[in-house]
Amino acid sequence: MRLLAPVERVIARVLTPSVVVMEPRPCRDRAQALVHKYAVAGTAWAVLPIPIATSLGLTAMETHLIYWIGRIYGESPSSMDVAMTAGGLELASLALKTAAVEAANAVPVIGWGVKGAIAGSAIEALGQVVIRHYEEKYPGKVS
């Protein structure tokens, strides 16, 4: 698991929400902004020509995203929750990765863009589902 240590450090530095206290905003707005940042980062990560690290890096980003959305809504997911989430995301990423590799092989140069678009869209969709979950649990919560 030490293979992911550099990825985790980059994610923590670049994507972790700042702790600067500002005027209260709806949790939904804060979470939406975070999801968009992760989608852009995931798109960039997916176009890197690193075969296995792409899937692991995207899974780490998605898990980190889910954790921080929970924190925005005032929850603190346990390490077991995070581990189960990561395992499920890695399994789900296999289907997306297969589709992305097939698309990339069909059109060599443009295929890299297709992989990025698939990764960014998947992260965006995942984030929206998590936000919807927390909005149903805490409607209109402000933080």
Side-chain angles (χ1 to χ4, degrees), residues 1-104 107 109-143:
M1 206 47 124
R2 293 297 356 147
L3 179 67
L4 287 180
V7 173
E8 291 168 351
R9 282 194 298 272
V10 168
I11 290 170
R13 282 191 199 119
V14 175
L15 298 175
T16 302
S18 64
V19 291
V20 176
V21 177
M22 303 187 122
E23 63 183 67
R25 287 186 0 189
C27 291
R28 175 187 268 295
D29 292 349
R30 291 182 59 211
Q32 291 282 2
L34 190 64
V35 167
H36 298 323
K37 279 172 59 172
Y38 274 79
V40 169
T43 299
W45 183 261
V47 298
L48 295 175
I50 306 171
I52 296 172
T54 303
S55 178
L56 293 173
L58 290 172
T59 299
M61 276 187 207
E62 292 162 347
T63 304
H64 199 254
L65 172 66
I66 292 170
Y67 173 82
W68 278 107
I69 292 174
R71 297 288 295 161
I72 286 170
Y73 281 89
E75 291 198 358
S76 187
S78 70
S79 58
M80 180 58 80
D81 293 337
V82 172
M84 290 177 61
T85 300
L89 287 171
E90 184 58 31
L91 288 174
S93 77
L94 291 175
L96 281 173
K97 185 177 180 186
T98 302
V101 167
E102 291 300 319
V107 186
V109 175
I110 297 172
W112 293 341
V114 171
K115 283 174 41 177
I118 290 172
S121 299
I123 291 171
E124 188 73 35
L126 174 68
Q128 297 307 321
V129 167
V130 175
I131 291 170
R132 186 176 321 130
H133 163 75
Y134 283 111
E135 278 296 313
E136 288 174 3
K137 193 171 183 180
Y138 305 110
K141 184 173 182 175
V142 176
S143 63

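Note that the numbering runs from 1 along the sequence shown for the chain. Values in this document were obtained by computation on a predicted structure and should not be read as measured data.
Scanning all heavy atoms of the two residues, the minimum distance from S143 to R30 falls at OG-NH1, 2.6 Å. Listed here is the closest heavy atom pair of T43 and G120: OG1-CA, 3.2 Å. Nearest heavy-atom pair across E124 and A39 is OE1-CB, 3.5 Å. The two atoms that bring C27 and V142 nearest to each other are SG-C, 4.1 Å, heavy atoms only. Between G42 and A119, the closest heavy-atom pair is O-CB, 3.8 Å.
Under the rule for a side-chain hydrogen bond (donor to acceptor under 3.5 Å, both in side chains), D29 has no partner lying at least two apart in sequence or in another chain. Contacts of E75 classified as salt bridge (Lys or Arg N to Asp or Glu O under 4.0 Å), with partners at least two apart in sequence or in another chain: K137.
If you check the side chains of Y73 and E135, you find a donor sitting under 3.5 Å from an acceptor.
S76 is listed as a side-chain neighbour of R71, based on a closest heavy-atom distance under 4.5 Å. In this structure the side chain of I123 reaches within 4.5 angstrom of the side chain of L65, judged on heavy atoms.
The distance from atom CE of M80 to atom OG1 of T85, rounded to the nearest 0.5 Å, is 11.0 Å. The structure places CG of L89 at 4.5 Å from CD1 of I66, a figure rounded to the nearest 0.5 Å.
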Report task. Let me see the working for Q128 and Q32 under side-chain contact (heavy atoms from CB on, under 4.5 Å), right down to the final yes or no. Result -> CA-CA 8 Å; Q128 297 307 321; Q32 291 282 2; 2.8 Å; yes
Query raised in the report: Should H64 and Y38 be marked as a side-chain contact (heavy atoms from CB on, under 4.5 Å) after you check the CA-CA gap, both sets of side-chain angles, and the distance that decides it?
Result: CA-CA 9 Å; H64 199 254; Y38 274 79; 2.4 Å; yes
Report task. Start with the C-alpha distance between L34 and I72, add both sets of side-chain angles, then the distance that settles side-chain contact (heavy atoms from CB on, under 4.5 Å), and finish with yes or no. Result -> CA-CA 10 Å; L34 190 64; I72 286 170; 3.9 Å; yes
